[in-house]
Protein chains: 2
Amino acid sequence: MLKRLSKDIKKIIIKKKTTIKDIANVLNISPAAVSKALHDDSRISEKTKKAVKQVAKNLNYHPNHLASALRKGKSNLVGIIAPRTNSHFFSGVVQSMEEVLNKKGYNIIMTHSNESYKKECDNIDTLLYTQVDGIIASMANETIDLSYFNKIKSKGIPLILFDRGENDLNVDYIGIDDYKSSHIIVKHLVEQGCKRIAHIGGYKHTRIFNNRIRGYIDALKEHNLPLEEELLIESSLSIEEGRKKMEQLLKLKDIPDAVYVASDYAALGALQVLKERQIKVPEDIALVGFGNEPFTAMVTPSITSINQHSEEIGKLAAKTFLEHMNSTVIKQSLNKKILEAELIIRDSSKKVKA
Amino acid sequence: MLKRLSKDIKKIIIKKKTTIKDIANVLNISPAAVSKALHDDSRISEKTKKAVKQVAKNLNYHPNHLASALRKGKSNLVGIIAPRTNSHFFSGVVQSMEEVLNKKGYNIIMTHSNESYKKECDNIDTLLYTQVDGIIASMANETIDLSYFNKIKSKGIPLILFDRGENDLNVDYIGIDDYKSSHIIVKHLVEQGCKRIAHIGGYKHTRIFNNRIRGYIDALKEHNLPLEEELLIESSLSIEEGRKKMEQLLKLKDIPDAVYVASDYAALGALQVLKERQIKVPEDIALVGFGNEPFTAMVTPSITSINQHSEEIGKLAAKTFLEHMNSTVIKQSLNKKILEAELIIRDSSKKVKA
DNA sequence: AACTTTTGCTTAAACGTTTAAACAAAATAC
DNA sequence: GTATTTTGTTTAAACGTTTAAGCAAAAGTT
């Protein structure tokens with residue numbers, strides 16, 4: 001009784017959202033005609049189209065996404081999961097994805113795992129809950145168990161991984177050739193005359209970091225340099241970790257003459273330590289980072305780094321998603337697209353002047 | 001013709017998602033009964049509830065959120081917009097919001113403006129598009145134009161701001177008393193015997209930073225200290241900016257004996273500079289940060305800071321949202337909740353030993 | 001003028017839920 | 001043993017959109 005009353009009050013106070021029906025009533029046409037007019041259907045006259053759009057604007061009409069998504073069986077939303085938000089690489093990737101997807105009428109729901117496995121799972125859950133049409137993701141550092149990603153696949157919606165992917169998971173993948181990138185870096189350092197090349201790498205269980213480590217090891221071999229255990233360090237690659245691992249390397253009786261760091265952030269930390277200790281870069285120790293973050297060009301000395309082609313990766317990932325949506329049958333063939341990375345040589349490793 | 005065919009193929013290949021109807025068919029009951037059983041309606045017998053839930057599990061049933069949201073007229077989603085993802089404060093706030101909201105059946109869509117106005121607008125658009133039931137936001141540093149936030153209000157869904165709010169905008173707000181916080185800090189520094197207290201603050205156009213600056217100025221006055229222009233600096237408050245502004249202060253002929261930095265990150269940068277220059281903290285210069293980030297306790301010397309009660313803010317913001325949802329009429333009265341902050345005194349400012 | 005085609009709309013069903021209302025059967029009350 | 005309440009379910013409509021199918025009128029074709 002009281003409840004009924006308050007409900008009526010609500011109805012009075014809340015200006016009901018205008019629907020397609022309201023527009024139809026104003027113009028004395030059917031809701032179907034309105035819907036078609038709004039979608040520029042060729043079977044609707046220009047006159048009614050104009051009228052409908054005008055009334056829609058007047059009544060402040062906004063389509064009910066839930067209704068159309070339900071009816072069409074797709075939400076036109078794609079979920080993105082990135083491990084971090086503040087890296088130039090990831091934001092570049094996302095931006096170019098967004099560009100491609102928006103053009104095709106898709107909206108994006110961004111989520112960040114912050115490198116945490118739990119958050120990643122939460123992200124997947126909300127994305128599935130909101131009925132996204134697909135998920136494009138890059139895995140958190142922590143993630144080892146992949147059952148949650150399989151949950152996506154079992155729902156039947158496309159999953160595309162980029163950068164931080166996994167070989168086991170049977171999905172499309174876009175990334176750069178990390179193994180080869182290490183080769184390019186080591187080759188460059190050798191050409192600069194370096195003989196004791198250290199590697200501050202990421203954790204081996206992450207595909208890309210493992211590949212960089214393997215590449216480092218194999219490249220040393222190719223150039224007949226010995227692999228010394230004390231020169232190969234795993235780390236979480238934050239600025240602070242870069243400082244710590246660099247300090248660790250400087251404590252060795254036989255310090256390296258070059259350090260290849262698997263992330264620009266950690267490389268920056270390492271550089272800070274070197275500068276504080278008055279160690280000359282690149283003369284005493286040459287330094288190479290990874291990711292081509294903008295700051296690498298801005299610090300002194302500027303840091304040599306690997307350009308990961310974020311725009312290209314984003315574009316390809318988005319296009320792969322669109323391919324899935326446009327194919328009527330479930331695609332069986334997988335897209336594994338591996339781009340070749342590019343070394344941007346800067347002062348931190350330029351011992352031999354050209 | 002061909003299209004029809006391919007559609008049929010699709011139907012065959014794609015295992016249709018199981019719906020409430022499928023469960024109903026299996027058990028020979030009505031879909032309505034199934035729906036009620038799944039929601040533990042008191043009018044459904046325990047026996048059928050159990051049976052329904054079992055079948056649901058067997059068929060791998062997942063409720064169609066779009067359908068239920070459409071029918072119920074609410075999505076049970078709440079959008080959150082935070083300026084940054086990596087700050088302890090914001091992640092604490094969000095976590096406690098999530099806790100409160102999940103308990104009441106709400107899911108969260110997190111977005112990050114990354115301090116960019118454009119991204120903030122994009123976030124608002126996608127959130128409105130996904131038909132969230134409300135938005136809880138903290139404004140980007142860049143944001144000056146508030147028309148986009150008014151767009152939310154004009155849609156009739158609740159908007160709750162926290163921390164970075166705005167006086168003009170007629171919305172609920174939860175935050176700490178920044179003005180008073182500055183007073184607490186200045187008082188503390190004066191008690192430690194400091195006479196030239198500098199302030200590295202944020203940009204004045206952001207409410208909270210403006211309040212901190214005003215608080216700093218008024219507190220100086222109260223303690224009969226002169227306000228010196230060269231000691232009051234605006235900045236973006238990153239680590240790097242903290243370094244730069246500290247260096248700027250050290251270039252003065254008459255350097256300060258205390259620095260109050262409006263962010264722990266910038267305070268950390270300042271501390272790095274002080275340590276590099278062998279300036280004793282707190283003996284030569286006392287240092288106070290803001291935000292009580294975990295690292296403030298971990299660096300040497302540990303940094304005195306202001307605890308912003310992130311959990312409390314998150315909880316209150318979530319509760320305010322829930323109040324909106326539960327009230328049948330549109331609430332006119334605004335909630336402005338200002339919490340008192342707490343100074344955590346650590347080594348960086350402890351000149352007078354207790 | 002008698003047809004076909006095209007144009008511009010309408011009708012009605014569907015998407016998967018929820019929920020008010022109805023109703024039969026069982027349990028309880030008197 | 002009839003009246004009333006409670007229990008457990010069904011029916012049917014609704015949420016706002018899209019879309020296949022239908023249909024009348026206009027335009028085009030012989």
Side-chain angles (χ1 to χ4, degrees), chain A residues 1 3-4 7-8 10-11 14 16-25 27-52 56 59-76 105 128-131 133 155, chain B residues 1 3-4 7-8 10-11 14 16-25 27-52 56 59-77 105 129-131 133 155:
Chain A
M1 180 63 179
K3 210 171 175 185
R4 236 215 106 62
K7 204 173 167 188
D8 285 348
K10 197 174 182 182
K11 265 192 189 151
I14 294 184
K16 268 253 282 158
K17 279 199 199 129
T18 84
T19 75
I20 236 168
K21 259 189 176 171
D22 300 325
I23 303 178
N25 285 339
L27 295 170
N28 252 335
I29 56 177
S30 72
V34 175
S35 171
K36 286 176 182 163
L38 290 171
H39 289 89
D40 275 323
D41 190 299
S42 64
R43 298 285 287 273
I44 298 291
S45 72
E46 285 304 322
K47 209 180 69 181
T48 31
K49 275 185 197 171
K50 234 175 214 165
V52 164
L59 298 184
N60 191 30
Y61 169 76
H62 290 277
N64 185 323
H65 157 250
L66 296 171
S68 84
L70 173 61
R71 174 60 233 252
K72 293 197 294 189
K74 57 179 294 202
S75 64
N76 273 50
L128 292 179
Y129 178 72
T130 55
Q131 234 106 332
D133 291 338
K155 270 248 181 177
Chain B
M1 183 65 178
K3 209 170 173 185
R4 233 216 106 65
K7 202 173 166 186
D8 285 347
K10 196 174 181 180
K11 264 191 190 152
I14 294 184
K16 268 253 282 156
K17 280 198 200 129
T18 84
T19 74
I20 236 168
K21 259 188 176 171
D22 300 324
I23 302 178
N25 285 338
L27 295 170
N28 252 334
I29 56 176
S30 73
V34 174
S35 170
K36 285 177 183 162
L38 290 172
H39 289 90
D40 276 322
D41 189 298
S42 64
R43 299 284 287 271
I44 298 290
S45 71
E46 284 305 321
K47 208 180 68 180
T48 31
K49 276 186 197 171
K50 236 177 213 163
V52 164
L59 297 184
N60 190 29
Y61 168 77
H62 290 277
N64 184 324
H65 157 250
L66 296 171
S68 84
L70 174 61
R71 172 62 231 251
K72 293 198 293 190
K74 56 180 294 200
S75 64
N76 273 49
L77 287 170
Y129 179 73
T130 54
Q131 235 106 329
D133 290 339
K155 271 248 181 177

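Each chain gets a letter, A, B and so on, in the order the sequences are listed, and its residues count up from 1.
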Problem - Whole-Å gap separating C1' (D:dT18) and CG (A:N76) - result: 13 Å
Exercise for the section: Output the single nucleotide from D:dT19, C:dT17, C:dT7 whose closest atom is nearest the side chain of B:S68. Expected result: C:dT17
Exercise for the section: Using a 4.0 Å heavy-atom cut-off across all strands, classify A:K36 as base, sugar-phosphate, or nothing. Expected result: base
Fill in the blank from the handout: Heavy atoms of A:Q131 and A:S75 approach each other most closely as O-OG, 2.6 Å
Practice task
May I ask you to verify if any side-chain N or O of B:S35 is less than 4.0 angstrom from the OP1 or OP2 atom of C:dT18?
Solution key: yes
Practice task
Using a cut-off of strictly less than 4.0 Å, decide whether A:S30 has a side-chain nitrogen or oxygen near OP1 or OP2 of C:dT10.
Solution key: yes
Handout entry: Residue-phosphate contact under 4.0 Å: B:S42 side-chain N/O, D:dT7 OP1/OP2
Key = no
Handout entry: Toward the 5' end of DNA chain C, by each residue's nearest nucleotide, B:A32 or B:N64
Key = B:N64
Exercise for the section: Specify the residue among B:L70 and B:N28 whose closest nucleotide of DNA chain D lies further upstream toward the 5′ end. Expected result: B:N28
Practice task
Heavy atoms only: give me the nearest A:L66-B:L70 pair and the separation to one decimal.
Solution key: CD1-N, 4.1 Å
Problem - Atom-pair distance (CD on B:Q131; P on C:dT17), nearest Å - result: 18 Å
Exercise for the section: Round to a whole Å and report the spacing from NZ of B:K47 to C1' of D:dG8. Expected result: 11 Å
Problem - Donor-acceptor contact below 3.5 Å, side chain A:H65 vs main chain B:Y129 - result: yes
Completion exercise
Of all heavy-atom pairs linking B:N76 and B:D133, the shortest is N-OD2, 2.6 Å
Handout entry: Options D:dT17, D:dA14, C:dT10, nucleotide nearest the side-chain atoms of B:R71
Key = D:dA14
Practice task
For B:L38 and D:dG8, give me the distance from atom CG to atom P, rounded to whole Å.
Solution key: 17 Å
Exercise for the section: Give a yes/no on whether any side-chain N or O of A:T19 is located under 4.0 angstrom from OP1 or OP2 of D:dC15. Expected result: no
Exercise for the section: Mind calculating the distance between CG (A:D40) and P (C:dC9) to the nearest angstrom? Expected result: 13 Å
Problem - D:dT17 phosphate, OP1 or OP2, under 4.0 Å from A:H65 side-chain N/O - result: no
Problem - Phosphate OP1/OP2 of D:dT9 contacted by B:S45 side-chain N/O (<4.0 Å) - result: yes
Problem - Nucleotide of D:dT18, D:dG16, C:dT19 approaching A:K72 most closely (side-chain heavy atoms) - result: D:dT18
Practice task
With heavy atoms under 4.0 Å as the rule, sort B:L66 into base, sugar-phosphate or nothing.
Solution key: nothing
Problem - Any donor-acceptor pair under 3.5 Å from A:K49 side chain to A:K36 backbone - result: no
Fill in the blank from the handout: Rounded to whole Å, the CD1-C1' distance (A:I20 to D:dT18) equals 8 Å
Completion exercise
Whole-Å distance, B:E46 CD to D:dT7 P, equals 13 Å
